[in-house]
Colleague: 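Structure provided below as structure tokens; questions to follow.
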Protein chains: 2
Amino acid sequence: MHASLSVASDPRLPIYRQLSDLLRSRIEQGHWAPGSRIPPESELAEQTGAALGTVRRAIEVLVDDGLLTRQQGRGTFVRKADFSNSLFRFFRMTGEDGALLMPQGRILARRLAPLPAAVAERLSLRPGAEGLCLDRLRLVGDKPALLECIWLEAGRFAALAELPLEDFGDLLYPLYERACGAVVARATELLTVGSAGAVTAERLGIAPGAAVVVVDRLAYGYDGRPMEWRRSWGAADKFAYSIEIR
Amino acid sequence: MHASLSVASDPRLPIYRQLSDLLRSRIEQGHWAPGSRIPPESELAEQTGAALGTVRRAIEVLVDDGLLTRQQGRGTFVRKADFSNSLFRFFRMTGEDGALLMPQGRILARRLAPLPAAVAERLSLRPGAEGLCLDRLRLVGDKPALLECIWLEAGRFAALAELPLEDFGDLLYPLYERACGAVVARATELLTVGSAGAVTAERLGIAPGAAVVVVDRLAYGYDGRPMEWRRSWGAADKFAYSIEIR
DNA sequence: GAGTGGTCTAGACCACACT
DNA sequence: GTGTGGTCTAGACCACTCC
């Protein structure tokens, strides 16, 4: 029995674990597209020979991991990550009246160049590989809020090297998906504090040497491989981040 | 049936939810002490009239919430929060050789005074209520690392007003428990960036006006009520914090 | 009404910890 | 060996979504 699981992971693991690994690999390999519905639990149970409760448990693992979301009466779906406002979690970027404002994105510069060694390493590419670099300013209510430096693998994102800068729009990740078929699944970020250099300060509209919060982000695709590295700078006096500890 | 649940929450909720609320209230009211073992699942099932699987699910909720921990073959235990190094998650506080060092705590000043309005509000106490304030320096390898200003309700923590300053030791939360029977269950923190005033700078050994990371923490007891408010300052150039996004 | 996930039950056997 | 939590099954009924 469990014929469909034979290609999967360590058989000493609990069935629900083997099952969740199987489902995870199907998602990562694009067998089920992000946003699409996976087969109903009953069907998965039948296909794999496991009991329904065991399938539910396997799905639960992936829901906890953020790969799937369930909707009662509708089905279970491959989750599409929503980074639309993620960086702005860290910053108080509301208007004078306290209302939330939609941030804009403006590409300041684009160039093809060899990836810096540190970036290449984080992207798991060989040092000196060709990269695409974007300098980008994010504005809230016409005021500069964040400055970003973004590095991508030139080959995979070739379409962005041609695209008119005005057509980049306010959000990059949906663009990656539309233009390059690259979907971001998750990311890690590292926050530090530094001081603004002359150029950074001028672009952000703050005093040179003023404190800035630096956010380094590495974004991964559904295949688990790093896809984009970016470093963002924002005025430190606008920074606020809350955490729950247990 | 479910006689033992009759005093519990909204009966329209799923049984496992009502059960987890019941268990939660028992923990919060100190019915089961932190660190102690709760009755086995089979016993809880029998007492409440629910099936074993339902009890397991209820316990799962509290495990996810961090209130309980399970240990196969031993039992399920009320979790004791471990904050021993929590603030140092945010700071690179290793020695020159990269080794982790045990932070020390030193009380610089202690005084009884009315709680500042903002602090009283966060502690859910009436404005002007008597408070106990501690100024504390945390050192790593004899170097100043963090400066802390701590506010407590004077009545509940009366024992600390008498204690010789040398007897406070390096960790406060275990002291709260020993001396005052107050156990910290969880906390929320808010991170911001500011600049060091003259006194802060001198105590931390940094330049006046240098950037500092400010961490405001509100710590809660098992009864869910706020217990301690503290504000900590650390040199911003030592700050680093990493996050996982999905 | 058909199909989906959500809750609940009753019982079996396994893995681990203590003694 | 005894008691604990961990896994798994088979089947029932409920709640929600969509046609």
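The chains referred to below are lettered A, B, ... by the order of the sequence lines, with proteins before strands, and numbering in each begins at 1.
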Colleague: Could you state the CZ-C1' distance from Arg56(B) to dT7(C), rounded to the nearest angstrom?
Modeller: 16 Å

Colleague: Does the side chain of Leu191(A) reach to within under 4.5 Å of the side chain of Phe239(B), using non-hydrogen atoms?
Modeller: yes

Colleague: Specify the separation, in whole Å, of atom CD of Glu60(A) and atom C1' of dG6(D).
Modeller: 14 Å

Colleague: Taking for each residue the nucleotide of DNA chain D with the nearest heavy atom, is it Gly73(B) or Gly73(A) whose nucleotide lies nearer the 5' end?
Modeller: Gly73(B)

Colleague: Test your reading of the model: is there a side-chain donor-acceptor pair from Thr54(B) to the backbone of Ala50(B), 3.5 Å cut-off?
Modeller: no

Colleague: Between Asp65(A) (side chain) and Leu67(A) (backbone), is there a donor-acceptor pair under 3.5 Å?
Modeller: no

Colleague: Can you measure Arg17(A) atom CZ to dT7(D) atom P for me and round it to whole angstrom units?
Modeller: 9 Å

Colleague: Taking Ser36(B) for its side chain and Trp32(B) for its backbone only, find out whether a donor-acceptor pair lies under 3.5 Å.
Modeller: no

Colleague: Which whole-number value in Å describes the distance from Leu44(A) CG to dT4(C) C1'?
Modeller: 12 Å

Colleague: For DNA chain C, what residues of residues 30-42 of chain A have any heavy atom nearer than 4.0 Å?
Modeller: Pro40(A), Glu41(A)

Colleague: Using only side-chain N and O atoms of Thr54(A), determine if any of them is under 4.0 Å from OP1 or OP2 of dT7(D).
Modeller: no

Colleague: Treating Asp170(B) as the side-chain partner and Gly105(B) as the backbone partner, does any N or O pair qualify as donor plus acceptor under 3.5 Å?
Modeller: yes

Colleague: Respond yes when some side-chain nitrogen or oxygen of Arg74(A) is under 4.0 Å from OP1 or OP2 of dG5(C), and no when none is.
Modeller: no

Colleague: Would Arg186(A) and Thr188(A) satisfy side-chain contact (heavy atoms from CB on, under 4.5 Å), going step by step from the backbone distance to the final call?
Modeller: CA-CA 7 Å; Arg186(A) 63 181 188 89; Thr188(A) 58; 4.0 Å; yes

Colleague: Could you work out which one of dA10(D), dC8(C), dT7(D) sits closest to the side chain of Pro14(B)?
Modeller: dC8(C)

Colleague: Please list, chain by chain and in numerical order, all residues satisfying salt bridge (Lys or Arg N to Asp or Glu O under 4.0 Å) with Asp216(B), sequence neighbours excluded.
Modeller: Arg231(B)

Colleague: Could you tell me, to 10°, how much the axis swings from one end of the helix from dG1(C)-dC18(D) to dC18(C)-dG1(D) to the other, five pairs per end?
Modeller: 10°

Colleague: Looking only at side-chain N and O atoms, does Thr76(A) come under 4.0 Å of OP1 or OP2 in dG5(C)?
Modeller: yes

Colleague: Rounded to the nearest angstrom, tell me the gap between atom CD in Gln71(A) and atom C1' in dT4(C).
Modeller: 11 Å

Colleague: Measure CD/Gln72(A) against P/dT4(C) and give the value in whole Å, please.
Modeller: 14 Å

Colleague: OP1 or OP2 of dC8(C) sitting under 4.0 Å from any side-chain N/O of Arg57(B)?
Modeller: no

Colleague: Identify the residue among Leu152(A), Leu171(A), Val183(A) that makes a side chain to side chain contact (heavy atoms under 4.5 Å, CB included) with Tyr176(A).
Modeller: Leu152(A)

Colleague: Tell me whether the side-chain N/O atoms of Arg70(A) come closer than 4.0 Å to OP1 or OP2 in dG6(C).
Modeller: yes

Colleague: Give the rounded distance in Å between these two atoms: CD1 of Ile15(B) and C1' of dA10(C).
Modeller: 14 Å

Colleague: Any donor and acceptor pair, going by atom type alone, linking the side chain of Gln18(A) with main-chain N or O of Leu13(A) inside 3.5 Å?
Modeller: yes

Colleague: Within this structure, what is the OH-to-C1' distance between Tyr16(B) and dG5(C), rounded to whole angstrom?
Modeller: 12 Å

Colleague: Cut-off 3.5 Å, side chains only: do Glu228(B) and Tyr173(B) have a donor facing an acceptor?
Modeller: yes

